Amino acid sequence: MLAESQGVERLHTSGLLLDLTLASDPQLLCVVRAAIERLTEVSGFSPPECRSITRAVDEAVANVMRHAYGSSPDKRIDVSCKRIAGMVNGIQREGLEIELLDQGVPFDQKKLTARSLDEVKPGGLGLHFIRDSMDVMEHSHKDGVNRLRLVKYFSAEGKGQTSQGE
Amino acid sequence: MLAESQGVERLHTSGLLLDLTLASDPQLLCVVRAAIERLTEVSGFSPPECRSITRAVDEAVANVMRHAYGSSPDKRIDVSCKRIAGMVNGIQREGLEIELLDQGVPFDQKKLTARSLDEVKPGGLGLHFIRDSMDVMEHSHKDGVNRLRLVKYFSAEGKGQTSQGE
Amino acid sequence: MQIAARRLDQVTIFDITGHIDLANSPELRKVLLKELKETKTPRVILNLTGVRYIDSSGVASLVEGLKAARDQGLRFILYGLSPSAREVLQLSRLIKIFEVFDNEQQALA
Amino acid sequence: MQIAARRLDQVTIFDITGHIDLANSPELRKVLLKELKETKTPRVILNLTGVRYIDSSGVASLVEGLKAARDQGLRFILYGLSPSAREVLQLSRLIKIFEVFDNEQQALA
Ligand SMILES: Nc1ncnc2c1ncn2[C@@H]1O[C@H](COP(=O)(O)OP(=O)(O)O)[C@@H](O)[C@H]1O
Ligand SMILES: Nc1ncnc2c1ncn2[C@@H]1O[C@H](COP(=O)(O)OP(=O)(O)O)[C@@H](O)[C@H]1O
């Protein structure tokens, strides 16, 4: 389901598509969802893919608000969306890359092993949703900036896919 | 309907709320509308006000795409949204300020006198819609950057209005 | 935006869905003018029930459709306007230029 | 998000509308737990027909509601799930934990 950067060769990113910068206020999550939902639609993803990419970005932004910024509502979050294309595991693919940037508490890599779903308890679902939705999920931290890179490729039949396919 | 900066005293702007940066591709207009529609909703404007602010921003961004950038789809447009508060004509008001920035052909001030609506013909409606929707509409040009500043105040009964009222 | 034509006996109905904005109003204009040329019914109806938003360029395309219909002596009718679509025609003072009805039944009457 | 309670004879129905996300899931949790305390009917139904989106924090609030209902020996039923709401319960493997129905009639049956 999730290829955590393994086998992902150098991808070519397009120029500007859409960047959002927002305050870390949960009231703005619906704004982010609305924008990402439309962006995925015009990009040519299927309705379930649009919903699932939107969910992943929503959960990732909510995590930054809660965990990286400890729920302070006036910190800065950047969401940068680009079209990408290139060879992935020897296959020519196109997709949408969404990067989240924040200057909050660095991500604890140990937390990346999301909890088991067998137990019925509230919380700890966000990372599951993100992994499940996206083809690539990469965290990095540099110069005080946390970066979460999410990629969703177009499926072989997808609009954005080149003819080279699978 | 439109107070073109007359009597507008110095306003205090909030920090970051929401900034959008997008390519000048008309396909992205629906993304801008979706984001502005939600932002105006969570800001506390009434449904007709939300629709009309959304329409104004959509028309203003479409004008930048067509006129400032001559329909090249890969130029940069910035849409910056802030909460503002301050004294306007001696009355304490709060509102939403939306600034559009582009690096295209400067706006021809003569065009600001929008055409008469008495004639039934296509085109020339966008500026009407913007003026009609917003309380302030100001164009400026500096260092190769065109800036369109739009402001909508909350109505006296509005959620965002301070108790000081009219 | 999608357009589909239903050609009935005395009337042609165009079912339009999606937002009409700068991204697709040129296409709407093209399709409308082409379809109108082929229209032999005295009445043309645009079903806008599925259209939540129309921008100024979309209004311009509708005006062009209206003009082309009039040139051919056809009635050009709109129905199913969303609040936003109605507002945009009111703002542009075109609401009285178009024949506007609430629903298909009234538009067909 | 809005919540309204309909207290019928044997069942209490909570009509919820709007998106459920981090901005309001704490409120949903609070209202649900408070309302459940006052609930004397053996069955509690959440009408989610007007809810287009639920995030993981909203799912957490629903789980808390379910637990509170179970503690009181009440049945806790959901109906009217949007595609996105259904997906989120499936992804979190909670769809089988909740009693889920398509509409009010089935939820009441
Ligand atoms: N952006 C982030 N910055 C710092 N820590 C994070 C971030 N996102 C997630 N985490 C950590 O990973 C854990 C699991 O996250 P998640 O699956 O979204 O569940 P939840 O947020 O409900 O705890 C969090 O509790 C937190 O410790
Ligand atoms: N952002 C802009 N940059 C340069 N010129 C503009 C811009 N917006 C509007 N104009 C000028 O003002 C005129 C009227 O604009 P508008 O009322 O939106 O109608 P239309 O775009 O259909 O012509 C345009 O034709 C154009 O000459």
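So that the names make sense, note that chain A is the first sequence line, chain B the second, and so on, each numbered from 1. Owing to the predicted nature of the structure, the values given are computational and were not obtained by experimental measurement.
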(request) Report yes or no: does B:R55 contribute a side-chain atom to a donor-acceptor pair with the main-chain N or O of C:E87 at less than 3.5 Å? (result)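 No: the side chain of B:R55 does not pair with the backbone of C:E87.
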(request) Among residues two or more places apart or on two chains, list those pairs meeting side-chain hydrogen bond (donor to acceptor under 3.5 Å, both in side chains) that have a residue in residues 19-28 of chain C. (result)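 Output for this query lists B:R33-C:H19, B:R33-C:D21, C:S25-C:S57.
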(message) Does any part of the side chain of B:R66, heavy atoms only, come nearer than 4.5 Å to the side chain of C:L22, both counted from C-beta?
(response)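 In short, these two side chains touch, coming nearer than 4.5 Å.
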(message) Any heavy-atom pair between the side chains of C:D55 and B:F129 that's under 4.5 Å?
(response)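 A side-chain contact is absent here, since even the closest heavy-atom pair is not under 4.5 Å.
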(message) Working to the nearest 0.5 angstrom, can you tell me the gap between C:Y53 OH and B:T54 OG1?
(response)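 Nearest 0.5 Å value for the OH-OG1 distance: 7.5 Å.
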Please say whether more than 12 non-hydrogen atoms of neighbouring residues, nucleotides or ligands are located less than 6.0 Å from [atom1] in [X].
X	atom1	answer
C:K37	NZ	no
C:R43	CZ	yes
C:Q105	CD	no

(request) Give, as side chain, backbone, both or neither, the part of C:R29 having an atom under 4.5 angstrom from any heavy atom of chain B. (result)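 For C:R29, neither part sits under 4.5 Å from chain B.
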(message) Please identify, among C:A23, C:S56, C:S61, the residue contributing the most non-hydrogen atom pairs under 4.5 Å to chain B.
(response)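 Option with the greatest count: C:S56.
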(message) With a strict 4.5 Å heavy-atom criterion, list every residue of residues 24-31 of chain B that contacts chain C, or say none.
(response)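 Near chain C, by residue number: B:P26, B:Q27, B:L29, B:C30.
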